[in-house]
Protein chains: 2
Amino acid sequence: MIFIMFSLTLTLIVIGMIKCEQCIVKQFNALKSLEKDDLIRISGCKTSKFIKKGETLFREGESINGVYCIKEGVCKLIKLSANGKDQIVKLVVRGDLLGQRSLVTDEKSNLTAIAVNEMEICFIPKSEILNDLSKNANFSLDMLQDMAKELRIADNVIVDMAQKSVKQRLADVLVYLNTTFDNDEKGYLGVTLSREDYANLVGTATESAIRILSQFKKEGYISTTGKQIKILDLEGLKRIE
Amino acid sequence: MIFIMFSLTLTLIVIGMIKCEQCIVKQFNALKSLEKDDLIRISGCKTSKFIKKGETLFREGESINGVYCIKEGVCKLIKLSANGKDQIVKLVVRGDLLGQRSLVTDEKSNLTAIAVNEMEICFIPKSEILNDLSKNANFSLDMLQDMAKELRIADNVIVDMAQKSVKQRLADVLVYLNTTFDNDEKGYLGVTLSREDYANLVGTATESAIRILSQFKKEGYISTTGKQIKILDLEGLKRIE
DNA sequence: ATGAAAACATGATAAATATCATAGTTTATA
DNA sequence: TATAAACTATGATATTTATCATGTTTTCAT
């Protein structure tokens, strides 16, 4: 009997079926404001998934009809610009909720979401969570606060895009990655991006991103091993202009 | 007696004391979801103001502690970037609510608001409206929808800033102004901005904005009389790349 | 109305960035 | 483990944008 329970728990863990009410990452987002009963109800209808690097969660123009809770991994939110280039609008990380906008509007998604590395996510259908929005003032206030924060960040990104040089923006990205993700054992950035991803994050040509990273390397700000990047002089990067 | 009533009404109108529940512009924002009783209560504590062109409503770093309802006129939301240049993050127009973020966070304002022309605004203290957020689900849902929309727009601006050329962005701004504001009797854009404002909207040097506007003029897309700009070839502007 | 200040305009030049070309490296996988 | 495909790197050059300089026009307060 004990063996069976153990085996069951193990299986649940292996296929990612941790219950919402026990899940650690809910601490980091608006779900923390839900009552235990509601979390249990939501847990019953959520879908857990593992997503491989490079897989698409959803595309621009699709209906989402729910929120994704990022349990592990990183994904990039991309928009294809009129001139055919991809722009990474933001990175979504462990603990973040993805698709809040779909809860309050019926619009199609404005962005495409693609996994940057192995991800573990839970999908909660809109229908299941919509009631909480109208009945639980704390939850909707929390949601408002999240959006307000995202809006402030977006405004700052606009200013940076408009006013800073490509080199500054690239330095900013490195600083951001360094502070947002734990470095690995060897001191490399915790997220591995392609040079093209870097270019699409700062809005420049891939060659330009490569060139500037090479320059950073020559000047001793970073070192690289293949795609992996190690920050050697964080304060120096912050001073770049 | 009739004369006194008439005189009173007239005075109220002249000093801008239209009551919220009768105010047309509330249709355009989240206030439309409040009950009549709540609007009357709010009306009782709101402050009405006329703001002259160039005046500052609030500055980056200040506490706002309430929302402004824009009854008439336009203001620009500015952020000073690290390199000392102003960036206009967005224009706020008749019907918009300004400062929603202050309702759900205690942070200082991230932006500075300056009147672009003569404005008429009402200020509603945070204390008075906070209760409505927790008690009126429609109101807070409306607020969420507003923010979701702003977020989508901000994401699009990020992509444009990162991927489009200065010329394209400037053409976009002209198209935006043309569609957002009614042109005056002579067909000029309904909002008059300085060349520096145009530069700060698209994130370029003032000389560059001037140069490109001159070019648009030569190429027959627009005509100008002093600061005033008339769109001659809207479709042409949309096609610029 | 008038003079000073602000805004507009444009040339010359420098700096930043994109594009095209080519080659070396890494990565994935058959 | 061989091989193609994808990614990284760098040079040469073109294009875009910023900066500095200077003159003109408009605006505004007296």
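Below, read A as the first sequence line, B as the second, and so on, with proteins coming before strands; counting in each chain starts at 1.
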>> For nucleotides 18-30 of chain C, give me one character per nucleotide, 5' to 3': B if any protein heavy atom sits under 4.0 Å from the base, S if the only such contacts are to the sugar-phosphate, - if neither.
In response: BBB----------

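Atom pair B:Ile212:CD1 and D:dT17:P shows a separation of 6 Å (rounding to whole Å applied). The CD atom of B:Gln168 sits 14 Å away from the C1' atom of D:dT15 (whole-angstrom rounding). If you take CD of A:Gln215 and P of D:dA9, they are 14 Å apart, rounded to a whole angstrom. Rounded to a whole Å, the CD atom of B:Gln228 is 12 Å from the P atom of C:dC8. In this entry the distance linking CD of B:Glu196 with P of C:dA5 reads 18 Å, nearest Å. Protein atom CG of B:Asn200 is 12 Å distant from nucleotide atom P of D:dA18, rounded to whole Å. One interatomic measurement links the two molecules: CD of B:Gln163 to P of D:dT16, which rounds to 16 Å at whole-angstrom precision. D:dT15 atom P lies 22 Å from atom NZ of B:Lys164, rounded to whole Å.
In this structure, a donor-acceptor pair under 3.5 Å is present between the side chains of A:Gln163 and B:Gln87. In this model, a donor atom of one side chain and an acceptor atom of the other lie less than 3.5 Å apart for A:Asn156 and B:Asn110.
In summary, A:Arg94 and A:Glu72 engage in a salt bridge, as defined by a charged side-chain N under 4.0 Å from a carboxylate O. Between B:Glu107 and B:Arg101 there is a salt bridge, since a side-chain N of the basic residue sits under 4.0 Å from a carboxylate O of the acidic one. The existence of a salt bridge linking B:Glu241 and B:Lys164 is excluded, since no basic side-chain nitrogen approaches an acidic carboxylate oxygen closer than 4.0 Å. A salt bridge does not link B:Arg169 to B:Asp160: none of the charged side-chain nitrogens sits closer than 4.0 Å to a carboxylate oxygen. A:Lys79 has no carboxylate O lying under 4.0 Å from a charged side-chain N of A:Asp86, or vice versa, which leaves the two without a salt bridge.
When heavy atoms are screened at a 4.0 angstrom cut-off, B:Ser165 is found touching the sugar-phosphate backbone but no base atom.
Phosphate proximity of D:dT10 to A:Ser214: present, with a side-chain N or O under 4.0 Å from OP1 or OP2.
The listed nucleotides are D:dT8, D:dA9, C:dA9; the one nearest the side chain of A:Ser194 is D:dT8.
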